[in-house]
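This report refers to the structure that appears directly beneath it.
Each chain gets a letter, A, B and so on, in the order its sequence line appears, and its residues count up from 1.
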Amino acid sequence: MARRKAVFLDADYTFRNGKTYARLLVKGKKATRLLYPYDPYFYCDAPGKEAEIAGLAISKGGELVKVKRTEAVEKVLRGEKRQLIKIYCQKPADVVVLRQAIPFKCYEHGIQYSKRFMLDFDITPFAILEYEREGREVKKFIKIWEDEKLEAQVKLGRLAFDIETYNPLGAPRERKDPAVMISYADGGSDKGVFTYKPNSKPFVRMEQDEKGMLDGFCKKLAEIDPDIIYGYNSSNFDLPYLEARAQVQKTALAIGRDGTSFRKIKKGMVNGAKITGRMHIDLYPAARFFGFIGLIKAQEFTLEKIYEEMTGKKKKMVKRLDIWDMWDKGDLDELAEYSLGDSEVTYELGENILPLLLELSKLTCMPLFDTSLSTSGQLVESLLMQESVRRGEIIPSKPGEAEAIERQKNPIEGAFVKLPEPGIYDNIAVFDFRGLYPSIIISYNIDPSKLVKEGTEGEVSTSPTGAKFLKGEKGVIPASLERLLDLRAGLKKRLKTGDKESPEYRRLYARSHALKILANSFYGYLGYARSRWYNRSCAESVTAWGRMHIHDAAAKAEAKGFRVLYADTDSLFLLLGSRGKKEALAFLEEINKNLPEKMELELENFYTRGVFVSKKQEAEKGAKKKYAMLAEDGSIKIRGFELVRRDWSSVAKDTQFGVLQAILREGSKDKAVKIVKETVERLKGGKVPIEELTIYTQLTKRPEDYDIVSPELAAAKKAQARGMQVEKGSVIAYVITKSGKTISEKAEMAEHAKDYDPDYYINNQVMPAVMKILKELGYDEDELKNKGKQKSLGSFFE
DNA sequence: GCGAGCAGCGTACCT
DNA sequence: ACAGGTACGCTGCTCGCG
């Protein structure tokens with residue numbers, strides 16, 4: 001019997017000859033699919049009913065669905081051992097049918113077959129499988145392990161692609177408008193463009209017609225035979241478009257390893273396209289995910305902007321192209337260049353994003369394709385499911401819709417934020433608790449199965465809410481979290497030494513980053529309404545302990561004579577006053593002496609100067625979550641100000657930054673005022689370029705779903721009228737122009753804006769952004785009012 | 001009829 | 001479709017004033 005080794009990539013299933021097989025995509029020298037017979041199953045809690053359930057058969061759609069066999073098993077259910085009936089089914093779809101027919105409590109019925117298989121065999125993506133097989137069928141798994149060196153031997157081939165379409169109306173219509181170019185890049189020398197009109201570029205391959213182009217691309221793909229295919233918004237645009245064109249041209253979009261096209265997948269709210277035998281990574285949802293967790297901060301989620309943000313490089317900008325016009329004129333050199341450029345940029349972006357996705361995939365036991373479409377909640381869920389199965393604990397079920405809505409209606413009290421006193425301060429120390437919520441969860445063993453009722457025996461920790469948690473053996477949540485943090489601590493040591501440019505270092509760095517992302521998502525998952533592990537009492541205890549610890553640290557700081565300027569969740573801003581750094585560090589040490597082992601208050605940094613401003617309404621109060629600090633090394637840390645928000649124009653943001661710098665670095669009120677005056681003059685002169693005036697705002701609903709009018713929506717609707725596609729999630733780039741009465745009427749897409757309204761930019765953008773800071777320098781409300789009734793704040797500078 | 005004041009909606013940010 | 005806490009702009013309404 002042949003014994004082989006291969007890297008595991010993905011799993012699904014097939015049903016043949018009355019048997020369900022797990023179908024594994026593996027890669028040794030080349031990619032293969034293996035079959036392994038494995039019956040789907042679920043559990044039922046029905047003592048004494050095993051015989052009855054074993055004989056269950058129900059008719060569904062003219063077919064008889066039968067229980068295949070049953071087995072009595074012992075599992076841990078909510079922290080207690082219990083006898084359950086394991087019900088095996090013929091095929092995965094039977095699980096749902098039989099579960100609904102059984103009038104007892106059932107468990108683990110809502111788990112995908114492929115996931116079930118991976119969990120039960122503890123096979124993680126990119127692990128090495130050694131197996132014996134006969135034909136395609138695996139008889140035995142000899143060994144399953146993760147080994148960095150073996151893994152590195154298997155090179156995953158990657159390719160990026162991009163298409164151009166004929167678009168006389170702005171947005172192309174897939175049944176009517178042809179695709180005119182398909183470009184690809186494999187990261188090396190193989191790259192090019194398929195099209196079907198004459199072109200002088202050497203990398204262009206001219207086919208006879210659109211069908212020839214489609215076929216040519218598919219043939220090229222088969223030749224390169226990549227394991228990973230990168231696209232940008234390819235699940236929603238490129239792939240469905242190509243498929244529609246293939247249909248119109250009566251050909252097959254043979255991009256899968258079995259010659260098929262792709263399957264549309266819905267994972268939560270996002271769409272995916274699964275290409276058989278390969279891992280299709282749409283970088284757009286991946287970029288959105290990175291934006292959501294705060295890894296990148298992009299103004300717009302276009303390929304260009306994300307590329308620039310992720311790689312730090314500038315993408316060669318081509319002026320906006322009218323693809324249809326160039327196609328009609330036969331003027332294709334520039335278009336081909338542009339198309340190839342997009343594939344190359346997509347490839348490079350993919351290479352930037354892939355390492356983190358790979359590590360997340362391995363850590364959460366989720367195939368790469370699924371990982372690329374996952375929310376952080378799904379990643380944490382997968383991780384906890386893995387830990388549960390390893391321990392023999394029953395995986396909690398997802399809540400029903402009604403339950404989820406009920407949970408959502410009752411939010412959990414969150415963190416404490418101290419009201420700062422507005423002003424400019426010198427010599428500040430900032431401390432924060434390292435991983436506050438994760439460390440609380442581990443320290444106090446916060447887990448639904450460890451929650452004890454009044455009067456229960458055993459040593460417990462009592463949270464400020466009164467909830468009690470059993471000490472001793474760690475629950476699934478704290479144990480998983482501790483594993484992540486321990487892994488990360490080990491990696492951090494290795495990362496201290498080593499060549500930062502080496503592939504090994506980058507891999508470990510990505511792994512460390514993945515661990516951090518996962519650890520930071522645990523608390524959110526505990527309080528997430530649709531979570532399998534949701535527990536109100538647990539989530540409340542996490543935040544209550546958090547508030548307790550930050551209050552306690554603040555009180556101790558004050559007792560030591562420090563003034564606490566500000567605090568938010570896990571951070572503490574202390575005014576050093578007459579005390580020096582030494583005393584601050586001594587205070588830190590004393591706090592840490594009395595904290596649980598996993599918790600630690602750390603020095604974030606010392607700052608020579610910091611600014612807190614007042615709220616716009618209620619000017620006597622300081623604004624929370626808004627401050628600017630000058631560190632000793634000269635760097636400036638800015639939080640919350642307009643200048644860090646994408647929904648403010650850069651003319652306002654740049655001016656605000658100038659003012660903050662003048663104050664922090666030089667303490668110069670005159671310089672600050674001068675900067676503002678200059679901007680106002682520039683705006684009045686009408687010479688400010690559109691880019692500096694553009695405001696970016698995301699639409700979180702479909703345009704037609706809004707009940708109110710807003711500038712971004714008004715601009716979006718004008719764009720729609722021109723044939724542009726605007727959907728849920730689109731970022732609208734708009735400018736306030738001169739034409740119209742209300743601000744919304746004046747709003748126009750940046751690319752169509754011919755002029756701008758200086759009054760708006762002076763009075764609604766620049767002045768509000770800078771006045772709150774200048775006020776801290778003595779330009780107060782009264783001083784302004786003493787100048788008489790004014791038409792605008794702007795005239796103050798005249 | 002008009003501006004001030006306010007509620008509600010919506011977005012983006014902080015930790 | 002991961003949590004809650006927060007600031008603040010724009011719109012559209014009510015209200016008081018003249």
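Distances shorter than 4.0 Å separate none of the side-chain N or O atoms of A:N520 from OP1 or OP2 on C:dC2. Under 4.0 angstrom from either OP1 or OP2 of C:dC8 there lies at least one side-chain N or O belonging to A:K626. In this model, the phosphate group of C:dG5 is not approached by any side-chain N or O of A:K624 to a distance below 4.0 Å at OP1 or OP2. Under 4.0 angstrom from either OP1 or OP2 of C:dC8 there lies no side-chain N or O belonging to A:K625. When the side-chain nitrogen and oxygen atoms of A:Y534 are compared with OP1 and OP2 of C:dA1, none of them lie within a distance under 4.0 Å.
Atom NZ of A:K615 is separated from atom C1' of C:dG5 by 12 Å (rounded to the nearest Å). When rounded to the nearest whole Å, the span between CD1 of A:I638 and C1' of B:dC13 equals 14 Å. Separating the CD1 atom of A:I296 from the P atom of B:dC13 is a distance of 12 Å, rounded to the nearest angstrom. Distance A:D568 CG to B:dC13 P: 16 Å, rounded to the nearest Å. When the P atom of B:dC13 is taken as reference, atom CD of A:Q656 falls 13 Å away, rounded to whole Å. Between the C1' atom of C:dC8 and the CD atom of A:E618 lies a distance of 12 Å, rounded to the nearest Å. In this structure, A:F573 places its CZ atom 11 Å from P of B:dC14, rounding to the nearest Å. For the pair A:Y566 OH and C:dG5 C1', the interatomic distance rounds to 9 Å; values are reported in whole Å.
With sequence neighbours left out, A:K738 forms a side chain to side chain donor-acceptor pair (under 3.5 Å) with no residue at all. Annotation: salt bridge (charged side-chain N to carboxylate O under 4.0 Å, His left out) contacts of A:E406 (sequence neighbours excluded): A:K409. Contacts of A:R288 classified as salt bridge (charged side-chain N to carboxylate O under 4.0 Å, His left out), with partners at least two apart in sequence or in another chain: none.
Residue A:W648 is classed as a sugar-phosphate contact, given heavy-atom separations below 4.0 Å to backbone atoms only. Here A:S744 lies in heavy-atom contact (under 4.0 Å) with sugar-phosphate atoms only. Residue A:K772 is classed as a sugar-phosphate contact, given heavy-atom separations below 4.0 Å to backbone atoms only. Contacts of A:G524 with the nucleic acid, taken as non-hydrogen atoms under 4.0 Å apart, include base atoms. A:Y627 comes within 4.0 angstrom of the backbone, heavy atoms only, and of no base. At the heavy-atom level, A:V270 lies nowhere under 4.0 Å from the strands shown. Using a 4.0 Å heavy-atom distance criterion, A:D432 is classed as making no nucleic acid contact. No contact: A:K746 has no heavy atom under 4.0 Å from any strand.
In plain terms, the two heavy atoms of A:S541 and A:F469 that are nearest each other are OG-CE1, 3.5 Å.
Here the nucleotide nearest the side chain of A:K297, chosen from C:dC8, C:dG5, B:dC13, is B:dC13. Listed nucleotides: B:dC13, C:dC2, C:dT11. Nearest to the side chain of A:V644: B:dC13. Distance from the side chain of A:I743 is smallest for C:dT11 among the nucleotides C:dT11, C:dA3, C:dC8. With C:dG4, C:dC10, C:dC8 as the choices, the nucleotide that has an atom nearest any side-chain atom of A:I412 turns out to be C:dG4.
Contact check for A:H109 versus A:V96: no side-chain heavy atoms found under the 4.5 Å cut-off.
Between A:D568 and A:K625 there is a salt bridge, since at least one side-chain N of the basic residue sits less than 4.0 Å from a carboxylate O of the acidic one. A salt bridge links A:K626 with A:E642: at least one charged nitrogen is closer than 4.0 Å to a carboxylate oxygen.
In this structure, OG on A:S372 lies 10.0 Å from CE on A:M366, to the nearest 0.5 angstrom. Interatomic distance, CZ of A:R434 versus CE of A:M599, reported as 10.5 Å (0.5 Å rounding). Interatomic distance, A:K115 NZ to A:I395 CD1, rounded to the nearest 0.5 Å: 8.5 Å.
When atom types are taken as modelled, the side chain of A:Y437 and the backbone of A:A519 share no donor-acceptor pair closer than 3.5 angstrom.
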Point to revise | Letter per nucleotide, 5' to 3', of nucleotides 6-11 of chain B [B base touched, S only sugar-phosphate touched, - untouched; heavy atoms, 4.0 Å] | key: ----SB
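Residues from residues 364-383 of chain A lying near DNA chain B, meaning a heavy-atom separation below 4.0 Å, are absent. For residues 433-443 of chain A, proximity to DNA chain B is found at no residue, defined as any non-hydrogen atom under 4.0 angstrom from a strand atom.
Note: A:F612 and A:Y627 have tilted aromatic rings, judged against thresholds of 30 and 60 degrees for the angle between ring planes.
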Point to revise | CA sep, side-chain torsions, deciding dist, call: A:S649, A:Q765, side-chain hydrogen bond (donor to acceptor under 3.5 Å, both in side chains) | key: CA-CA 7 Å; A:S649 60; A:Q765 292 274 324; 2.8 Å; yes
Exercise for review: Decide yes or no on side chain to side chain contact (heavy atoms under 4.5 Å, CB included) for A:T694 and A:Q299, but give the supporting numbers first.
Suggested key: CA-CA 10 Å; A:T694 305; A:Q299 303 266 297; over 6 Å; no
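Rounded to a whole angstrom, the distance from the P atom of B:dG10 to that of C:dA1 is 14 Å.
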